[in-house]
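Computed over heavy atoms, backbone and side chain alike; hydrogens, waters and symmetry mates excluded.
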Amino acid sequence: MKNTVDKIKNNKCLRIIYKILKAITTLLIILIVSVIFVQRISNNKVTIGGYSVFTIITESMVPKYQVGDMLLSKKCDIDKIKVGDDVVYMGKSGTFEGKIVTHRVIKIDKTSNGLEFHTKGIANAVEDPLVNGDQIYGVVSKKLFFLSMLSKLVNNIYGFYFIIFIPFAIMIFLEIIAMMHEKDKKN
């Protein structure tokens with residue numbers, strides 16, 4: 001086994017590929033964990049450059065968004081929201097109270113209290129309770145395909161093991177071998 005490890009260590013191309021993959025994996029893990037951590041700690045109040053990431057947890061927006069899809073939401077002026085936009089908001093009444101909801105704007109009313117938004121899930125037959133401008137986190141700007149796929153894989157037990165656990169275990173194993181190899185060189 002030591003000869004195989006030495007051959008891999010001495011192959012310059014494999015070392016470069018390994019270092020690039022390790023850097024990309026580390027950067028992705030740090031980025032994803034950072035975004036999730038900031039949003040969880042701040043209860044989705046803090047944005048990064050005006051953007052937030054939200055996950056679809058129900059089928060109310062099928063066929064446009066599936067359960068597990070991750071969406072990028074952009075904070076914007078309430079006056080710029082138009083009918084047909086998909087918005088992310090904090091529910092304040094009924095079954096929506098205290099829940100973050102992503103639904104489509106179907107009508108906008110101007111009242112003495114400001115704008116009121118009529119929203120509804122694409123797959124829902126019933127309109128949501130009225131949404132005030134102060135409830136809106138932002139407008140959905142895009143579906144994050146890579147993160148959506150990763151989210152769905154990680155939430156599946158087999159996907160978690162094959163996409164997260166096994167590669168992470170291999171990286172740790174290779175790091176241990178590299179440290180042992182360096183220790184042997186010093187002795």
Minimum-distance pair of heavy atoms, taken over all atoms of [X] and [Y]:
X    : Y    : answer
Q135 : M90  : NE2-O, 2.7 Å
M61  : K120 : SD-O, 4.4 Å
V62  : A123 : O-CB, 3.7 Å

Roughly how far apart are [X] [atom1] and [Y] [atom2], rounded to 0.5 Å?
X    : Y    : atom1 : atom2 : answer
T102 : I122 : OG1   : CD1   : 10.5 Å
D109 : E116 : CG    : CD    : 6.0 Å
L130 : K107 : CG    : NZ    : 9.0 Å
I106 : R104 : CD1   : CZ    : 10.5 Å
L21  : I170 : CG    : CD1   : 11.5 Å

Residue pair [X] / [Y], side-chain heavy-atom distance below 4.5 Å:
X    : Y    : result
Y65  : D86  : yes
N132 : N113 : no
T95  : E97  : no
L71  : V88  : no
Q66  : I56  : no
V53  : L72  : yes
S141 : Y51  : yes

*Say whether, by atom type as modelled, one donor and one acceptor occur between the side chain of K80 and the main chain of C76 under 3.5 angstrom.*
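No.
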*Any donor-acceptor pair under 3.5 Å linking the side chain of K110 with the backbone of G114?*
no
_I24 with L144, same ILVMFWY side-chain cluster at under 4.5 Å_ = yes
*asked:* Within the 3.5 Å criterion, strictly below it, is a donor on N124 or S60 matched to an acceptor on the partner's side chain?
replied: no
_Other members of the hydrophobic cluster containing I136, with the 4.5 Å side-chain heavy-atom rule, please._
I78, I81, V83, V87, Y89, F96, V101, V105, I108, L115, F117, V131, V139
*Show your reasoning for whether side chain to side chain contact (heavy atoms under 4.5 Å, CB included) applies to D134 and K92.*
CA-CA 11 Å; D134 65 341; K92 288 193 176 176; 3.4 Å; yes
_Could you check whether D69 pairs with K143 (Lys NZ or Arg NE/NH1/NH2 to Asp/Glu carboxylate O, under 4.0 Å)?_
yes
